[in-house]
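The chain is numbered in sequence order, starting from 1. Because only heavy atoms are used, hydrogens play no part in the values below, and waters and symmetry mates are left out as well, while side chains stay in.
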Amino acid sequence: LSGEGTQFNRNLNQFCKCYEIPEVSYSVERYAENEILPLPQKSQEFIRENWGKSGFIFIGAAGIAVRWIAPFVKDKFTDSPVLVMDEKGKYVIPILSGHIGGAVELAEQIGMWIEAEVVHTTATDVQQKFAVDVFARKYHLLFKDRKKAKEISAALVNGNSVGFASDFPWVGEIPKELQLLDEEDETKEKPEMGIYVTNSYLKHPFVHTLYLVPKIITLGVGCKKDTPADTVEKVVRKACDELLIPSVSMELVASIDLKKE
């Protein structure tokens, strides 16, 4: 960071404090003072230790940020959200884990604070289309089929019809790009591809169905003393498979307090 970049870093630090967003700010040692800490000497090790646990905002050249994070980039479902900003705060660019990690949402928030232009590069954001991963994150829904999620996003970008069904009452309007499934109207042609919010794999409302699962099931178990945790997990997973219940929907597995250890 330059001196100007560090000052901008300090201003951003104050915005985060005002909005109760926990953050730690760093700069090169000669500019580090007050709220700004000196950048760790082993910067790559510092990134490694915090990768997947914290988000990163780089103030400076995008190329430098890319080189710093390159060894740790693996998967958008586990990578840290990464943003790049110029030292004058004119632009804010989410460059990694934009949807799942929340980098796009954070970029929009920062852009609003400092009146910066948010630069989007993903197709769904550029074309202002519905994105499955953003929708799932917003409503705390989980999904396993990444390939189908990509296919749905691609279908929407290309203007194809995608259906929507839910086992749970839906408050408000569903996204305008989705076609609500009306199972009672057999004359209406339903899309081949669709999204289904459910806690069961029993139904297949579309030929190609992406299941979005809320984490809301609590399972009560009884067990003998000293039963290993992995044994309990195997039994729970087996029961889920037999009942066609997604194991990711388990919010809690509980027993009586006598078995708390």
Side-chain angles (χ1 to χ4, degrees), residues 52 73-82 94-107 120-186 188-217 219 233 236-251:
V73 176
K74 294 178 181 176
D75 186 295
K76 72 175 185 177
F77 284 80
T78 57
D79 286 336
S80 287
V82 179
I95 63 170
L96 192 68
S97 201
H99 292 163
I100 295 294
V104 167
E105 185 179 353
L106 181 57
H120 294 296
T121 56
T122 52
T124 50
D125 291 319
V126 170
Q127 298 191 33
Q128 297 184 324
K129 296 287 187 179
F130 170 86
V132 174
D133 40 10
V134 173
F135 180 79
R137 185 175 184 272
K138 180 179 179 180
Y139 293 105
H140 309 288
L141 303 169
L142 305 170
F143 63 90
K144 286 186 173 181
D145 195 335
R146 304 181 189 186
K147 183 174 181 288
K148 200 164 271 109
K150 287 183 179 180
E151 290 171 352
I152 284 177
S153 292
L156 289 168
V157 167
N158 292 326
N160 298 328
S161 182
V162 173
F164 179 84
S166 175
D167 283 344
F168 305 95
W170 202 261
V171 178
E173 296 182 358
I174 66 167
K176 63 181 184 298
E177 295 94 340
L178 303 180
Q179 180 181 323
L180 184 64
L181 178 65
D182 186 354
E183 294 184 282
E184 295 181 1
D185 187 356
E186 296 182 357
K188 192 173 182 179
E189 186 178 353
K190 66 179 181 181
E192 283 199 359
M193 183 177 291
I195 294 167
Y196 182 29
V197 181
T198 182
N199 273 115
S200 172
Y201 289 142
L202 282 170
K203 288 171 62 180
H204 310 281
F206 308 99
V207 176
H208 304 289
T209 302
L210 175 67
Y211 296 89
L212 297 187
V213 180
K215 201 176 184 70
I216 59 172
I217 291 181
L219 178 67
E233 182 179 351
V236 169
R237 289 189 181 278
K238 183 181 179 184
C240 287
D241 290 343
E242 289 174 353
L243 296 170
L244 296 180
I245 295 173
S247 59
V248 293
S249 67
M250 294 293 162
E251 182 180 27

Any donor-acceptor pair under 3.5 Å linking the side chain of [X] with the backbone of [Y]?
X	Y	value
Asn158	Ala154	yes
Lys190	Pro205	yes
Ser249	Pro246	yes

For [X], give me all partners under side chain to side chain contact (heavy atoms under 4.5 Å, CB included), at least two apart in sequence or on another chain.
X	result
Lys215	Leu142, Glu251
Asp241	none
Ile174	Phe164, Trp170, Leu178, Leu180
Lys147	Asp145, Glu151

Could you state the interatomic distance from [atom1] ([X]) to [atom2] ([Y]), rounded to the nearest 0.5 Å?
X	Y	atom1	atom2	result
Ile245	Ser200	CD1	OG	7.0 Å
Glu105	Lys138	CD	NZ	9.0 Å
Thr209	Met193	OG1	CE	9.5 Å
Ile195	Leu212	CD1	CG	5.5 Å
Cys240	Ile217	SG	CD1	7.0 Å

Flag side-chain contact, heavy atom, 4.5 Å: [X] against [Y]:
X	Y	value
Asn199	Phe168	yes
Lys74	Asp79	yes
Ile216	Met250	no

Partners meeting side-chain hydrogen bond (donor to acceptor under 3.5 Å, both in side chains) with [X] (sequence neighbours left out):
X	value
Ser161	Gln179
His204	Tyr211
Glu233	Arg237

Would you sort out whether Tyr139 and Val197 count as a side chain to side chain contact (heavy atoms under 4.5 Å, CB included), showing the intermediate values?
CA-CA 10 Å; Tyr139 293 105; Val197 181; over 6 Å; no
Check against side chain to side chain contact (heavy atoms under 4.5 Å, CB included), Phe135 and Leu141:
CA-CA 8 Å; Phe135 180 79; Leu141 303 169; 4.1 Å; yes
Might you work through the side chain to side chain contact (heavy atoms under 4.5 Å, CB included) test for Lys144 and Ser247, ending with a clear yes or no?
CA-CA 11 Å; Lys144 286 186 173 181; Ser247 59; 3.8 Å; yes
Applying side chain to side chain contact (heavy atoms under 4.5 Å, CB included), run through Tyr196 and Lys203 and close with a yes or a no.
CA-CA 9 Å; Tyr196 182 29; Lys203 288 171 62 180; 3.6 Å; yes
Once salt bridge (Lys or Arg N to Asp or Glu O under 4.0 Å) is applied, what residue pairs with a partner in residues 156-171 remain, sequence neighbours excluded?
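Qualifying pairs: none.
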Nearest non-hydrogen partners of Phe143 and Ala149, listed with the distance:
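Shortest heavy-atom contact: CE1-CB, 3.6 Å.
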If you compare all heavy atoms of Ser80 against all heavy atoms of Leu96, which two are closest, and at what distance to 0.1 Å?
O-CD2, 3.8 Å
